[in-house]
Amino acid sequence: MPARVISMGRYLAAGMAYASCYALLRYLSSSHWNLTSGLRVLCLLLVPARYWPALFVAESLPLAYAGWDNHERFGWLWASALAVPPLMLNAPVFAWCRRRVALFRGSEVHVTGMLTYILVGAVLTALINTGTLALMRMPPGETPPVITLHIALDYFLGGYLGALTLVPAFLAFLALRGWAARGRVAWLEALRGDFVRDCVVGVLPPLVLMMWMISRVDHLEVMQVIRMAMFLPAAWLTLRHGWQGAAVGGLLASVATQLTETVVRDPAVIQAQALIAFAVSSLLMVGAKLAGVSRMAPNDGDLMRGLQLAQRGLYQEELRLRQVAESLERLGQSMREGQQRMFERLRPLLPANIEQSYVRHIDHTQREVHRLADTLHPRAWRERGLAATFEDGPLARAAAMAGASYRWELGGSGLESLSPDVHLMLYRQACEILVYLMAREPVRDVRVQIRGGLTHGHRWAVLRISGARATPAQRGKAAPEWSQLVSLLGASGQGLTTIRDRAQIYGGMVHEREDGQRLAVSVLLHDAWQAEPAAASASSTSPLSIQLREPGPATRKVRQI
(Lines give C-alpha, C1' and ligand atoms only; values in the text may rest on other atoms or scores of the structure.)
Protein backbone atom coordinates (compact mmCIF):
# COMPACT_ATOMS: atom_id res chain seq x y z
CA MET A 1 0.00 0.00 0.00
CA PRO A 2 1.48 3.41 -0.93
CA ALA A 3 2.83 5.48 1.94
CA ARG A 4 0.67 8.43 0.89
CA VAL A 5 -2.49 6.37 1.35
CA ILE A 6 -1.33 5.20 4.77
CA SER A 7 -0.59 8.79 5.78
CA MET A 8 -4.02 9.99 4.64
CA GLY A 9 -5.62 7.13 6.54
CA ARG A 10 -3.87 8.20 9.72
CA TYR A 11 -5.07 11.79 9.24
CA LEU A 12 -8.61 10.56 8.68
CA ALA A 13 -8.48 8.30 11.75
CA ALA A 14 -7.17 11.16 13.93
CA GLY A 15 -9.93 13.47 12.73
CA MET A 16 -12.68 10.89 13.25
CA ALA A 17 -11.41 10.03 16.74
CA TYR A 18 -11.34 13.68 17.73
CA ALA A 19 -14.80 14.31 16.28
CA SER A 20 -16.28 11.39 18.21
CA CYS A 21 -14.74 12.47 21.51
CA TYR A 22 -15.70 16.10 20.88
CA ALA A 23 -19.34 15.22 20.17
CA LEU A 24 -19.60 13.10 23.32
CA LEU A 25 -17.93 15.62 25.63
CA ARG A 26 -19.88 18.54 24.16
CA TYR A 27 -23.09 16.69 24.93
CA LEU A 28 -22.01 16.23 28.55
CA SER A 29 -20.63 19.74 29.01
CA SER A 30 -22.19 22.88 30.41
CA SER A 31 -21.04 26.48 30.67
CA HIS A 32 -19.41 25.84 34.07
CA TRP A 33 -18.10 22.35 33.21
CA ASN A 34 -16.63 22.59 29.71
CA LEU A 35 -15.09 19.17 29.06
CA THR A 36 -14.22 20.07 25.47
CA SER A 37 -11.67 22.51 26.88
CA GLY A 38 -9.88 19.59 28.51
CA LEU A 39 -9.98 17.65 25.22
CA ARG A 40 -8.31 20.56 23.41
CA VAL A 41 -5.57 20.83 26.03
CA LEU A 42 -4.86 17.10 25.85
CA CYS A 43 -4.70 17.05 22.06
CA LEU A 44 -2.47 20.11 21.81
CA LEU A 45 -0.10 18.60 24.38
CA LEU A 46 0.06 14.97 23.30
CA VAL A 47 -0.91 14.80 19.60
CA PRO A 48 1.95 15.48 17.14
CA ALA A 49 1.61 18.86 15.41
CA ARG A 50 1.39 17.24 11.95
CA TYR A 51 -2.06 15.90 12.85
CA TRP A 52 -3.40 19.22 14.09
CA PRO A 53 -4.95 20.27 10.73
CA ALA A 54 -7.08 17.11 10.76
CA LEU A 55 -8.27 18.01 14.24
CA PHE A 56 -9.07 21.57 13.16
CA VAL A 57 -11.32 20.26 10.39
CA ALA A 58 -12.95 17.71 12.71
CA GLU A 59 -13.87 20.43 15.20
CA SER A 60 -14.98 23.01 12.66
CA LEU A 61 -17.57 20.77 10.97
CA PRO A 62 -20.05 20.48 13.90
CA LEU A 63 -19.49 24.13 14.81
CA ALA A 64 -20.12 25.29 11.23
CA TYR A 65 -23.29 23.21 11.12
CA ALA A 66 -24.50 24.77 14.39
CA GLY A 67 -23.72 28.26 13.07
CA TRP A 68 -25.52 27.62 9.78
CA ASP A 69 -28.52 26.21 11.61
CA ASN A 70 -28.88 29.39 13.71
CA HIS A 71 -27.47 32.10 11.41
CA GLU A 72 -30.90 33.56 10.65
CA ARG A 73 -31.55 34.10 14.36
CA PHE A 74 -28.15 35.28 15.57
CA GLY A 75 -26.60 36.71 12.43
CA TRP A 76 -23.98 35.75 9.86
CA LEU A 77 -21.17 37.39 11.78
CA TRP A 78 -21.81 35.20 14.82
CA ALA A 79 -22.18 32.09 12.64
CA SER A 80 -18.88 32.81 10.89
CA ALA A 81 -17.05 33.33 14.20
CA LEU A 82 -18.56 30.15 15.61
CA ALA A 83 -17.32 28.14 12.63
CA VAL A 84 -13.70 29.00 13.48
CA PRO A 85 -12.50 26.03 15.59
CA PRO A 86 -11.22 27.09 19.05
CA LEU A 87 -8.57 24.38 18.71
CA MET A 88 -7.00 26.35 15.84
CA LEU A 89 -7.02 29.56 17.89
CA ASN A 90 -5.41 27.75 20.83
CA ALA A 91 -2.74 26.07 18.71
CA PRO A 92 -0.27 28.99 18.26
CA VAL A 93 -0.26 29.76 21.98
CA PHE A 94 0.25 26.12 22.96
CA ALA A 95 2.97 25.68 20.34
CA TRP A 96 4.81 28.64 21.87
CA CYS A 97 4.30 27.32 25.42
CA ARG A 98 5.47 23.80 24.54
CA ARG A 99 8.90 25.21 23.69
CA ARG A 100 9.17 26.93 27.09
CA VAL A 101 7.16 24.92 29.64
CA ALA A 102 7.96 21.23 30.04
CA LEU A 103 5.07 18.84 30.60
CA PHE A 104 7.38 15.92 31.43
CA ARG A 105 10.60 15.79 33.36
CA GLY A 106 12.18 12.52 32.43
CA SER A 107 9.47 9.93 32.87
CA GLU A 108 7.55 11.98 35.45
CA VAL A 109 4.76 14.48 34.83
CA HIS A 110 5.66 18.06 35.75
CA VAL A 111 2.56 19.01 37.72
CA THR A 112 3.30 22.74 37.70
CA GLY A 113 3.64 22.68 33.91
CA MET A 114 0.41 20.69 33.61
CA LEU A 115 -1.51 23.23 35.69
CA THR A 116 0.02 26.04 33.62
CA TYR A 117 -1.35 24.51 30.41
CA ILE A 118 -4.75 24.00 32.03
CA LEU A 119 -4.81 27.65 33.09
CA VAL A 120 -3.77 28.84 29.61
CA GLY A 121 -6.47 26.69 28.02
CA ALA A 122 -9.12 28.07 30.40
CA VAL A 123 -8.15 31.69 29.67
CA LEU A 124 -8.24 31.13 25.91
CA THR A 125 -11.59 29.33 26.17
CA ALA A 126 -13.07 32.22 28.16
CA LEU A 127 -11.79 34.80 25.65
CA ILE A 128 -13.06 32.86 22.61
CA ASN A 129 -16.50 32.16 24.08
CA THR A 130 -16.90 35.72 25.33
CA GLY A 131 -15.85 37.14 21.96
CA THR A 132 -18.25 34.87 20.09
CA LEU A 133 -21.08 35.85 22.45
CA ALA A 134 -20.35 39.54 21.84
CA LEU A 135 -20.91 39.07 18.08
CA MET A 136 -24.37 37.60 18.62
CA ARG A 137 -27.25 39.64 17.20
CA MET A 138 -30.64 38.89 18.70
CA PRO A 139 -33.89 39.00 16.71
CA PRO A 140 -36.09 42.09 17.10
CA GLY A 141 -37.88 42.17 20.43
CA GLU A 142 -35.28 40.08 22.24
CA THR A 143 -32.75 41.56 24.62
CA PRO A 144 -29.14 41.10 23.38
CA PRO A 145 -26.69 39.50 25.83
CA VAL A 146 -24.70 41.87 27.96
CA ILE A 147 -21.06 40.93 28.38
CA THR A 148 -20.22 41.17 32.07
CA LEU A 149 -17.35 40.03 34.26
CA HIS A 150 -19.62 37.38 35.74
CA ILE A 151 -20.17 35.79 32.30
CA ALA A 152 -16.44 35.84 31.52
CA LEU A 153 -15.64 34.24 34.88
CA ASP A 154 -18.32 31.63 34.25
CA TYR A 155 -16.67 30.70 30.96
CA PHE A 156 -13.25 30.66 32.63
CA LEU A 157 -14.47 28.40 35.43
CA GLY A 158 -16.05 26.04 32.90
CA GLY A 159 -12.87 25.79 30.85
CA TYR A 160 -10.62 25.43 33.88
CA LEU A 161 -12.73 22.82 35.65
CA GLY A 162 -13.33 20.88 32.42
CA ALA A 163 -9.60 20.70 31.72
CA LEU A 164 -8.84 19.96 35.37
CA THR A 165 -11.28 17.05 35.21
CA LEU A 166 -9.77 15.38 32.15
CA VAL A 167 -6.10 16.33 31.76
CA PRO A 168 -4.59 15.15 35.10
CA ALA A 169 -6.70 11.98 35.14
CA PHE A 170 -5.69 11.09 31.57
CA LEU A 171 -2.00 11.65 32.32
CA ALA A 172 -2.32 9.54 35.48
CA PHE A 173 -3.83 6.67 33.49
CA LEU A 174 -1.11 6.80 30.84
CA ALA A 175 0.84 4.40 33.05
CA LEU A 176 -1.68 1.71 32.13
CA ARG A 177 -0.17 1.63 28.64
CA GLY A 178 2.80 -0.12 30.19
CA TRP A 179 0.54 -2.71 31.78
CA ALA A 180 -1.34 -3.21 28.52
CA ALA A 181 1.89 -3.93 26.72
CA ARG A 182 2.56 -6.83 29.09
CA GLY A 183 -0.61 -8.76 28.38
CA ARG A 184 -3.85 -9.71 30.08
CA VAL A 185 -2.22 -10.97 33.28
CA ALA A 186 -0.59 -7.59 33.86
CA TRP A 187 -3.94 -5.90 33.33
CA LEU A 188 -5.48 -8.11 35.99
CA GLU A 189 -2.63 -7.30 38.36
CA ALA A 190 -3.19 -3.58 37.75
CA LEU A 191 -6.91 -3.91 38.45
CA ARG A 192 -6.13 -5.72 41.70
CA GLY A 193 -3.61 -3.05 42.74
CA ASP A 194 -3.88 -0.68 45.67
CA PHE A 195 -4.79 2.33 43.51
CA VAL A 196 -7.86 0.75 41.90
CA ARG A 197 -8.93 -0.80 45.20
CA ASP A 198 -8.67 2.55 47.00
CA CYS A 199 -10.75 4.24 44.29
CA VAL A 200 -13.46 1.59 44.38
CA VAL A 201 -13.55 1.16 48.15
CA GLY A 202 -12.42 4.50 49.55
CA VAL A 203 -13.71 7.11 47.05
CA LEU A 204 -16.77 5.85 45.19
CA PRO A 205 -18.86 4.78 48.23
CA PRO A 206 -18.53 8.17 50.04
CA LEU A 207 -19.37 10.06 46.83
CA VAL A 208 -22.40 7.86 46.14
CA LEU A 209 -23.52 8.31 49.76
CA MET A 210 -23.24 12.10 49.51
CA MET A 211 -25.15 12.12 46.20
CA TRP A 212 -27.92 10.10 47.85
CA MET A 213 -28.00 12.49 50.82
CA ILE A 214 -28.33 15.50 48.47
CA SER A 215 -31.28 13.82 46.73
CA ARG A 216 -32.99 13.31 50.10
CA VAL A 217 -32.25 16.66 51.76
CA ASP A 218 -34.46 19.69 51.09
CA HIS A 219 -32.42 22.25 53.02
CA LEU A 220 -30.30 24.24 50.52
CA GLU A 221 -27.51 25.06 52.98
CA VAL A 222 -27.10 21.41 53.97
CA MET A 223 -27.03 20.40 50.30
CA GLN A 224 -24.31 22.96 49.65
CA VAL A 225 -22.19 21.73 52.56
CA ILE A 226 -22.44 18.16 51.27
CA ARG A 227 -21.48 19.25 47.75
CA MET A 228 -18.44 21.10 49.04
CA ALA A 229 -17.39 18.06 51.08
CA MET A 230 -17.09 15.96 47.95
CA PHE A 231 -13.41 16.84 47.60
CA LEU A 232 -12.55 15.07 50.88
CA PRO A 233 -12.28 11.58 49.30
CA ALA A 234 -9.93 13.13 46.73
CA ALA A 235 -7.80 14.50 49.57
CA TRP A 236 -7.60 11.03 51.15
CA LEU A 237 -6.61 9.50 47.81
CA THR A 238 -3.92 12.17 47.44
CA LEU A 239 -2.34 11.16 50.73
CA ARG A 240 -2.32 7.56 49.54
CA HIS A 241 -1.09 7.96 45.96
CA GLY A 242 0.24 11.48 45.41
CA TRP A 243 -0.85 13.68 42.52
CA GLN A 244 -2.25 10.70 40.60
CA GLY A 245 -4.70 10.19 43.46
CA ALA A 246 -5.64 13.87 43.34
CA ALA A 247 -6.21 13.63 39.57
CA VAL A 248 -8.53 10.62 39.68
CA GLY A 249 -10.19 11.76 42.91
CA GLY A 250 -10.82 15.18 41.38
CA LEU A 251 -12.36 13.58 38.30
CA LEU A 252 -14.76 11.51 40.40
CA ALA A 253 -15.62 14.45 42.67
CA SER A 254 -16.35 16.75 39.69
CA VAL A 255 -18.59 14.15 38.04
CA ALA A 256 -20.43 13.51 41.31
CA THR A 257 -20.99 17.23 41.89
CA GLN A 258 -22.27 17.74 38.36
CA LEU A 259 -24.72 14.86 38.72
CA THR A 260 -26.37 16.63 41.65
CA GLU A 261 -27.44 19.51 39.38
CA THR A 262 -31.22 19.72 39.18
CA VAL A 263 -31.65 22.91 37.12
CA VAL A 264 -29.58 24.44 34.32
CA ARG A 265 -26.82 26.77 35.58
CA ASP A 266 -27.59 26.01 39.22
CA PRO A 267 -25.71 28.68 41.24
CA ALA A 268 -25.16 26.26 44.13
CA VAL A 269 -23.52 23.72 41.83
CA ILE A 270 -21.35 26.44 40.27
CA GLN A 271 -20.13 27.51 43.72
CA ALA A 272 -19.36 23.92 44.67
CA GLN A 273 -17.53 23.34 41.38
CA ALA A 274 -15.42 26.48 42.01
CA LEU A 275 -14.42 25.18 45.43
CA ILE A 276 -13.58 21.74 44.03
CA ALA A 277 -11.49 23.33 41.25
CA PHE A 278 -9.45 25.22 43.84
CA ALA A 279 -9.16 22.17 46.11
CA VAL A 280 -8.09 19.80 43.33
CA SER A 281 -5.46 22.27 42.09
CA SER A 282 -4.03 22.50 45.59
CA LEU A 283 -4.14 18.72 46.02
CA LEU A 284 -2.25 18.22 42.76
CA MET A 285 0.55 20.44 44.02
CA VAL A 286 0.59 18.76 47.43
CA GLY A 287 0.51 15.32 45.80
CA ALA A 288 3.49 16.23 43.62
CA LYS A 289 5.45 17.22 46.75
CA LEU A 290 4.45 14.00 48.49
CA ALA A 291 5.57 11.97 45.47
CA GLY A 292 8.92 13.78 45.50
CA VAL A 293 9.43 13.05 49.18
CA SER A 294 8.50 9.39 48.75
CA ARG A 295 11.05 9.03 45.96
CA MET A 296 13.71 10.28 48.38
CA ALA A 297 12.58 8.08 51.27
CA PRO A 298 13.38 4.45 52.07
CA ASN A 299 12.09 3.22 48.74
CA ASP A 300 14.82 5.13 46.85
CA GLY A 301 17.12 2.75 44.98
CA ASP A 302 20.28 4.70 45.80
CA LEU A 303 19.48 4.60 49.51
CA MET A 304 18.80 0.86 49.36
CA ARG A 305 22.07 0.20 47.59
CA GLY A 306 23.89 2.35 50.15
CA LEU A 307 22.41 0.34 53.01
CA GLN A 308 23.31 -2.92 51.32
CA LEU A 309 26.89 -1.74 50.83
CA ALA A 310 27.07 -0.66 54.48
CA GLN A 311 25.83 -4.09 55.62
CA ARG A 312 28.32 -5.86 53.41
CA GLY A 313 31.11 -3.60 54.66
CA LEU A 314 30.31 -4.34 58.30
CA TYR A 315 30.20 -8.08 57.60
CA GLN A 316 33.54 -8.02 55.79
CA GLU A 317 35.02 -6.07 58.69
CA GLU A 318 33.86 -8.78 61.08
CA LEU A 319 35.49 -11.40 58.86
CA ARG A 320 38.75 -9.49 59.02
CA LEU A 321 38.48 -9.22 62.80
CA ARG A 322 37.92 -12.97 63.01
CA GLN A 323 41.01 -13.61 60.92
CA VAL A 324 43.07 -11.22 63.05
CA ALA A 325 41.81 -12.90 66.25
CA GLU A 326 42.71 -16.35 64.95
CA SER A 327 46.13 -15.13 63.81
CA LEU A 328 46.67 -13.50 67.19
CA GLU A 329 45.84 -16.74 69.01
CA ARG A 330 48.20 -18.69 66.78
CA LEU A 331 50.90 -16.11 67.46
CA GLY A 332 50.23 -16.39 71.20
CA GLN A 333 50.51 -20.16 71.01
CA SER A 334 53.81 -19.88 69.14
CA MET A 335 55.08 -17.39 71.71
CA ARG A 336 54.08 -19.71 74.55
CA GLU A 337 55.82 -22.67 72.96
CA GLY A 338 58.95 -20.61 72.38
CA GLN A 339 58.93 -19.29 75.92
CA GLN A 340 58.44 -22.80 77.27
CA ARG A 341 61.45 -24.13 75.34
CA MET A 342 63.59 -21.23 76.48
CA PHE A 343 62.41 -21.73 80.05
CA GLU A 344 63.30 -25.42 79.96
CA ARG A 345 66.83 -24.58 78.84
CA LEU A 346 67.30 -21.81 81.39
CA ARG A 347 65.63 -23.57 84.35
CA PRO A 348 68.88 -25.08 85.77
CA LEU A 349 70.42 -21.61 85.85
CA LEU A 350 67.49 -19.70 87.40
CA PRO A 351 66.90 -19.22 91.13
CA ALA A 352 63.59 -20.53 92.48
CA ASN A 353 62.03 -17.07 93.02
CA ILE A 354 62.90 -15.90 89.48
CA GLU A 355 61.52 -19.16 88.08
CA GLN A 356 58.09 -18.51 89.63
CA SER A 357 58.11 -14.93 88.36
CA TYR A 358 58.95 -16.11 84.86
CA VAL A 359 56.09 -18.63 84.92
CA ARG A 360 53.66 -15.94 86.03
CA HIS A 361 54.91 -13.65 83.25
CA ILE A 362 54.33 -16.37 80.64
CA ASP A 363 50.79 -16.99 81.94
CA HIS A 364 50.00 -13.26 82.03
CA THR A 365 51.21 -12.82 78.46
CA GLN A 366 49.00 -15.68 77.31
CA ARG A 367 45.95 -14.29 79.11
CA GLU A 368 46.46 -10.86 77.54
CA VAL A 369 46.81 -12.34 74.08
CA HIS A 370 43.64 -14.42 74.52
CA ARG A 371 41.79 -11.43 76.00
CA LEU A 372 42.75 -9.26 73.03
CA ALA A 373 41.72 -12.00 70.57
CA ASP A 374 38.45 -12.45 72.46
CA THR A 375 37.82 -8.71 72.21
CA LEU A 376 38.30 -8.75 68.46
CA HIS A 377 36.09 -11.80 67.94
CA PRO A 378 34.79 -13.96 70.83
CA ARG A 379 36.34 -17.39 70.96
CA ALA A 380 33.09 -18.86 72.28
CA TRP A 381 31.38 -17.66 69.10
CA ARG A 382 33.93 -19.34 66.85
CA GLU A 383 33.83 -22.59 68.76
CA ARG A 384 30.26 -22.97 70.06
CA GLY A 385 28.06 -20.34 68.43
CA LEU A 386 25.96 -17.31 69.31
CA ALA A 387 24.11 -18.86 72.22
CA ALA A 388 27.35 -19.77 74.00
CA THR A 389 28.66 -16.26 73.38
CA PHE A 390 25.69 -14.71 75.14
CA GLU A 391 25.63 -17.36 77.84
CA ASP A 392 29.20 -17.34 79.14
CA GLY A 393 31.14 -15.09 76.77
CA PRO A 394 32.46 -11.55 77.18
CA LEU A 395 29.06 -10.14 78.18
CA ALA A 396 28.77 -12.46 81.17
CA ARG A 397 32.37 -11.72 82.19
CA ALA A 398 31.78 -7.98 81.83
CA ALA A 399 28.70 -8.14 84.08
CA ALA A 400 30.66 -10.15 86.65
CA MET A 401 33.51 -7.62 86.50
CA ALA A 402 31.01 -4.84 87.32
CA GLY A 403 29.54 -6.88 90.20
CA ALA A 404 26.19 -7.47 88.47
CA SER A 405 24.30 -10.72 88.04
CA TYR A 406 23.69 -11.87 84.47
CA ARG A 407 20.77 -13.65 82.76
CA TRP A 408 19.86 -14.17 79.12
CA GLU A 409 16.81 -15.49 77.23
CA LEU A 410 16.22 -16.59 73.65
CA GLY A 411 12.71 -16.76 72.19
CA GLY A 412 10.55 -16.27 69.15
CA SER A 413 11.19 -17.96 65.83
CA GLY A 414 13.24 -17.48 62.70
CA LEU A 415 16.50 -16.49 64.36
CA GLU A 416 18.22 -19.42 62.69
CA SER A 417 17.18 -18.03 59.29
CA LEU A 418 18.75 -14.62 59.82
CA SER A 419 21.96 -14.01 57.93
CA PRO A 420 25.28 -14.26 59.83
CA ASP A 421 25.96 -10.52 59.72
CA VAL A 422 22.67 -9.85 61.56
CA HIS A 423 23.77 -12.24 64.31
CA LEU A 424 27.09 -10.44 64.51
CA MET A 425 25.30 -7.12 64.74
CA LEU A 426 23.13 -8.44 67.58
CA TYR A 427 26.27 -9.25 69.57
CA ARG A 428 27.99 -5.94 68.80
CA GLN A 429 24.87 -4.01 69.71
CA ALA A 430 24.61 -5.94 72.97
CA CYS A 431 28.17 -4.95 73.86
CA GLU A 432 27.50 -1.28 73.04
CA ILE A 433 24.27 -1.26 75.05
CA LEU A 434 25.87 -2.80 78.14
CA VAL A 435 28.70 -0.26 78.00
CA TYR A 436 26.13 2.53 77.59
CA LEU A 437 24.13 1.38 80.61
CA MET A 438 27.29 1.13 82.71
CA ALA A 439 28.26 4.63 81.58
CA ARG A 440 25.05 5.99 83.07
CA GLU A 441 25.32 4.18 86.39
CA PRO A 442 26.61 0.87 87.83
CA VAL A 443 23.53 -1.23 87.00
CA ARG A 444 22.92 -4.60 88.63
CA ASP A 445 21.02 -7.72 87.55
CA VAL A 446 21.73 -7.46 83.81
CA ARG A 447 19.13 -9.25 81.70
CA VAL A 448 19.58 -9.93 77.95
CA GLN A 449 16.57 -10.98 75.83
CA ILE A 450 16.54 -11.88 72.12
CA ARG A 451 13.35 -12.45 70.14
CA GLY A 452 12.97 -13.33 66.46
CA GLY A 453 9.99 -13.23 64.15
CA LEU A 454 8.63 -13.04 60.61
CA THR A 455 6.31 -10.28 59.35
CA HIS A 456 5.09 -10.01 55.73
CA GLY A 457 7.89 -12.29 54.60
CA HIS A 458 10.64 -10.23 56.29
CA ARG A 459 12.58 -11.62 59.24
CA TRP A 460 13.53 -9.46 62.19
CA ALA A 461 15.14 -9.72 65.59
CA VAL A 462 14.73 -7.66 68.77
CA LEU A 463 17.48 -7.35 71.35
CA ARG A 464 16.59 -5.97 74.79
CA ILE A 465 19.09 -5.39 77.59
CA SER A 466 17.95 -4.11 80.96
CA GLY A 467 19.57 -3.65 84.31
CA ALA A 468 18.42 -2.90 87.84
CA ARG A 469 19.20 0.69 88.74
CA ALA A 470 21.79 1.63 91.29
CA THR A 471 21.08 3.64 94.41
CA PRO A 472 20.08 7.28 93.81
CA ALA A 473 23.48 8.45 95.04
CA GLN A 474 25.26 6.45 92.30
CA ARG A 475 23.02 7.48 89.42
CA GLY A 476 24.55 9.72 86.79
CA LYS A 477 28.02 8.32 87.49
CA ALA A 478 29.74 5.69 85.37
CA ALA A 479 30.62 2.35 86.87
CA PRO A 480 34.21 2.31 88.18
CA GLU A 481 35.03 -0.56 85.83
CA TRP A 482 33.66 1.26 82.76
CA SER A 483 36.97 1.67 80.91
CA GLN A 484 37.82 -1.98 81.54
CA LEU A 485 34.41 -2.99 80.19
CA VAL A 486 35.03 -1.01 77.00
CA SER A 487 38.32 -2.83 76.51
CA LEU A 488 36.87 -6.26 77.35
CA LEU A 489 33.88 -5.95 75.01
CA GLY A 490 35.66 -4.13 72.19
CA ALA A 491 32.97 -1.42 72.20
CA SER A 492 33.33 2.16 71.02
CA GLY A 493 31.68 3.60 74.14
CA GLN A 494 30.06 6.44 72.15
CA GLY A 495 26.56 5.83 73.51
CA LEU A 496 23.22 5.69 71.74
CA THR A 497 24.49 7.54 68.66
CA THR A 498 26.54 4.56 67.50
CA ILE A 499 23.77 2.14 68.47
CA ARG A 500 21.16 4.06 66.44
CA ASP A 501 23.45 4.42 63.41
CA ARG A 502 24.11 0.68 63.28
CA ALA A 503 20.42 -0.12 63.76
CA GLN A 504 19.43 2.16 60.87
CA ILE A 505 21.82 0.31 58.57
CA TYR A 506 19.65 -2.76 59.15
CA GLY A 507 16.38 -0.88 58.81
CA GLY A 508 15.77 -0.92 62.56
CA MET A 509 15.29 1.45 65.42
CA VAL A 510 16.34 1.95 69.03
CA HIS A 511 14.10 2.55 72.02
CA GLU A 512 15.27 3.54 75.49
CA ARG A 513 13.11 3.17 78.57
CA GLU A 514 13.74 3.86 82.24
CA ASP A 515 11.78 4.00 85.44
CA GLY A 516 12.62 4.00 89.10
CA GLN A 517 13.63 0.35 89.06
CA ARG A 518 15.32 -0.50 85.74
CA LEU A 519 17.10 0.90 82.70
CA ALA A 520 16.42 -0.77 79.35
CA VAL A 521 17.43 -0.34 75.71
CA SER A 522 15.74 -2.25 72.88
CA VAL A 523 17.06 -2.60 69.33
CA LEU A 524 15.09 -3.83 66.30
CA LEU A 525 17.05 -5.22 63.33
CA HIS A 526 15.63 -6.33 59.97
CA ASP A 527 16.99 -8.90 57.58
CA ALA A 528 14.98 -7.56 54.61
CA TRP A 529 17.70 -5.50 52.93
CA GLN A 530 20.25 -8.20 52.31
CA ALA A 531 21.89 -7.64 48.96
CA GLU A 532 22.45 -11.36 48.43
CA PRO A 533 19.67 -13.59 49.78
CA ALA A 534 21.85 -16.61 49.11
CA ALA A 535 24.10 -15.56 51.97
CA ALA A 536 21.68 -16.99 54.48
CA SER A 537 21.44 -20.33 52.72
CA ALA A 538 25.21 -20.51 52.35
CA SER A 539 25.85 -19.78 55.99
CA SER A 540 26.04 -23.48 56.81
CA THR A 541 29.38 -23.61 54.99
CA SER A 542 30.46 -20.11 56.00
CA PRO A 543 33.36 -19.69 58.41
CA LEU A 544 30.89 -17.82 60.58
CA SER A 545 28.45 -20.74 60.86
CA ILE A 546 26.95 -20.46 64.32
CA GLN A 547 24.70 -22.38 66.64
CA LEU A 548 21.80 -21.21 68.72
CA ARG A 549 21.08 -23.13 71.89
CA GLU A 550 17.77 -22.56 73.55
CA PRO A 551 18.01 -22.07 77.32
CA GLY A 552 16.27 -24.74 79.28
CA PRO A 553 17.12 -27.85 81.27
CA ALA A 554 20.50 -29.50 81.31
CA THR A 555 19.81 -31.17 77.96
CA ARG A 556 19.36 -28.36 75.42
CA LYS A 557 18.38 -28.54 71.82
CA VAL A 558 21.04 -27.25 69.44
CA ARG A 559 20.02 -25.79 66.08
CA GLN A 560 22.56 -25.32 63.29
CA ILE A 561 22.34 -22.01 61.44
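For clarity, every value in this text was computed on a predicted model and none was experimentally measured. Numbering of residues begins at 1 and proceeds along the displayed sequence.
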Checklist outcome for this item: Shortest non-hydrogen pair, Asp445 vs Ala404, comes out as N-CB, 3.9 Å
Item to check | Closest contact, heavy atoms only, Ala439 versus Trp482 | outcome: CB-NE1, 3.3 Å
Checklist entry - How long is the span from the CG atom in Leu410 to the CZ atom in Arg451, to the nearest 0.5 Å? => result 7.5 Å
Next on the checklist: If you define the side chain from C-beta out and look only at heavy atoms, does anything of Gln429 sit under 4.5 Å from Arg502?
Outcome noted: yes
Item to check | Residue from Leu485, Val521, Val446 passing side-chain contact (heavy atoms from CB on, under 4.5 Å) with Leu437 | outcome: Val521
Item to check | Min side-chain heavy-atom separation Leu171-Leu45 under 4.5 Å | outcome: no
Item to check | Closest non-hydrogen atom pair, Arg98 against Tyr117 | outcome: CA-OH, 3.1 Å
Checklist entry - Is any side-chain heavy atom of Leu525 closer than 4.5 Å to a side-chain heavy atom of Leu463? => result no
Checklist outcome for this item: Heavy-atom closest pair (Ala253 atom, Leu207 atom, distance to 0.1 Å) is N-CD1, 4.0 Å
Checklist entry - Heavy atoms, side chains only, cut-off 4.5 Å: are Leu284 and Pro168 in contact? => result yes
Checklist entry - Can you name the closest pair of heavy atoms from Ile118 and Ala163 and give their distance? => result CG2-CB, 3.7 Å
Checklist entry - Is the backbone N or O of Ala470 less than 3.5 Å from a side-chain atom of Arg475, with the two atoms forming a donor-acceptor pair by type? => result yes
Checklist entry - For the residue pair Arg440 and Leu519, what are the closest heavy atoms and their distance? => result NH1-CD2, 3.8 Å
Checklist entry - Pick from Glu441, Gln517, Gln474: which one makes a side-chain hydrogen bond (donor to acceptor under 3.5 Å, both in side chains) with Arg469? => result Glu441
Item to check | Candidate pair Val248 and Val203, rule side-chain contact (heavy atoms from CB on, under 4.5 Å), full reasoning | outcome: CA-CA 10 Å; Val248 178; Val203 178; over 6 Å; no
Item to check | Mutual orientation of the aromatic rings belonging to Phe390 and Tyr427 [parallel < 30°, tilted 30-60°, perpendicular > 60°] | outcome: perpendicular
Next on the checklist: If you define the side chain from C-beta out and look only at heavy atoms, does anything of Leu395 sit under 4.5 Å from Cys431?
Outcome noted: yes
